[in-house]
Amino acid sequence: MMRQDDNGNRFPVAGGLGRSAAEEMAAEFEARGHKQLYWVEAEVRIVVGGALVRDGRVLAARRSTPAEVAGFWEFPGGKAEPGESVEQALERELAEELGVRARALRQLPGSWVVRPGLELRIWAAELLEGEPRALLEHSEVRWLGPAELESVEWLAHDREVLPHVAELLRAR
Ligand SMILES: Nc1nc2c([nH]c(=O)n2[C@H]2C[C@H](O)[C@@H](COP(=O)(O)OP(=O)(O)OP(=O)(O)O)O2)c(=O)[nH]1
């Protein structure tokens with residue numbers, strides 16, 4: 001739920017509520033707010049995938065779960081938790097899913113709606129420590145050179161970022 005004060009500044013007041021609970025709360029606050037405005041906005045969660053680069057190659061990971069995405073290749077990562085930055089989320093997810101320490105570098109151009117309320121972004125990342133292994137939701141990981149980027153069956157959104165990944169590999 002959001003609030004705007006009489007100077008036009010907007011603030012998030014509460015989050016993580018269902019829509020009806022949020023609307024109820026906004027109506028209550030609105031009823032007793034003098035010059036303040038209260039309203040509800042849908043929260044968008046970010047899912048971040050990491051284009052992990054090493055020696056001119058990028059890591060692709062094959063999903064084993066859930067069924068809708070199983071068998072397809074992606075950039076490993078996951079959803080940012082409330083209060084977590086996208087960089088922190090990526091570094092945590094890469095540690096959990098691959099057992100490595102990595103650093104988020106910069107967001108590659110583009111963002112995609114996976115489903116309503118869930119937005120995908122892809123970040124370049126560098127490996128600091130460890131050898132990536134498929135520990136959780138993947139069945140296989142593979143390092144791909146620039147000529148191999150099209151050799152696996154990517155999830156649809158990920159395919160769109162491949163030109164930027166190719167550029168990233170050329171730069172390294
Ligand atoms: N991690 C990741 N997810 C992607 C990519 N491309 C893409 O369409 N997706 C989709 C697949 C899933 O529907 C969704 C991300 O969910 P996820 O299962 O990775 O998130 P998570 O690890 O936080 O999982 P959970 O806690 O919700 O179970 O985004 C990608 O490159 N990386």
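Atoms within each ligand, like the ligands themselves, are counted from 1 in listed order. Please read all numbers here as calculations on a predicted model, not as lab measurements.
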Could you please provide the protein residues found below 4.0 Å of ligand 1 on a heavy-atom basis, arranged by chain and number?
->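 Lining ligand 1 at under 4.0 Å, by heavy atoms, one finds Val47, Arg63, Glu74, Phe75, Gly77, Gly78, Lys79, Glu93, Glu97, Val114, Arg115, Leu120, Ile122, Glu137, Leu155, His157, Asp158.
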
Of all heavy-atom pairs between [X] and [Y], which one has the smallest distance, and what is that distance?
| X | Y | answer |
| --- | --- | --- |
| Val165 | Ala51 | CG2-CB, 4.4 Å |
| Gln36 | Asp5 | NE2-CB, 3.8 Å |
| Leu135 | Gly99 | CD1-N, 3.4 Å |

Quiz: residues 149-157 side-chain donor-acceptor pairs under 3.5 angstrom, not counting sequence neighbours:
| unit_1 | atom_1 | unit_2 | atom_2 | d |
| --- | --- | --- | --- | --- |
| Ser151 | OG | Glu148 | O | 2.6 |
| Trp154 | NE1 | Leu149 | O | 2.7 |

Can you name the residues that form a side chain to side chain contact (heavy atoms under 4.5 Å, CB included) with Glu68, not counting sequence neighbours?
-> Pro66

Transitive ILVMFWY cluster of Val113, excluding itself - 4.5 Å side-chain cut-off = none

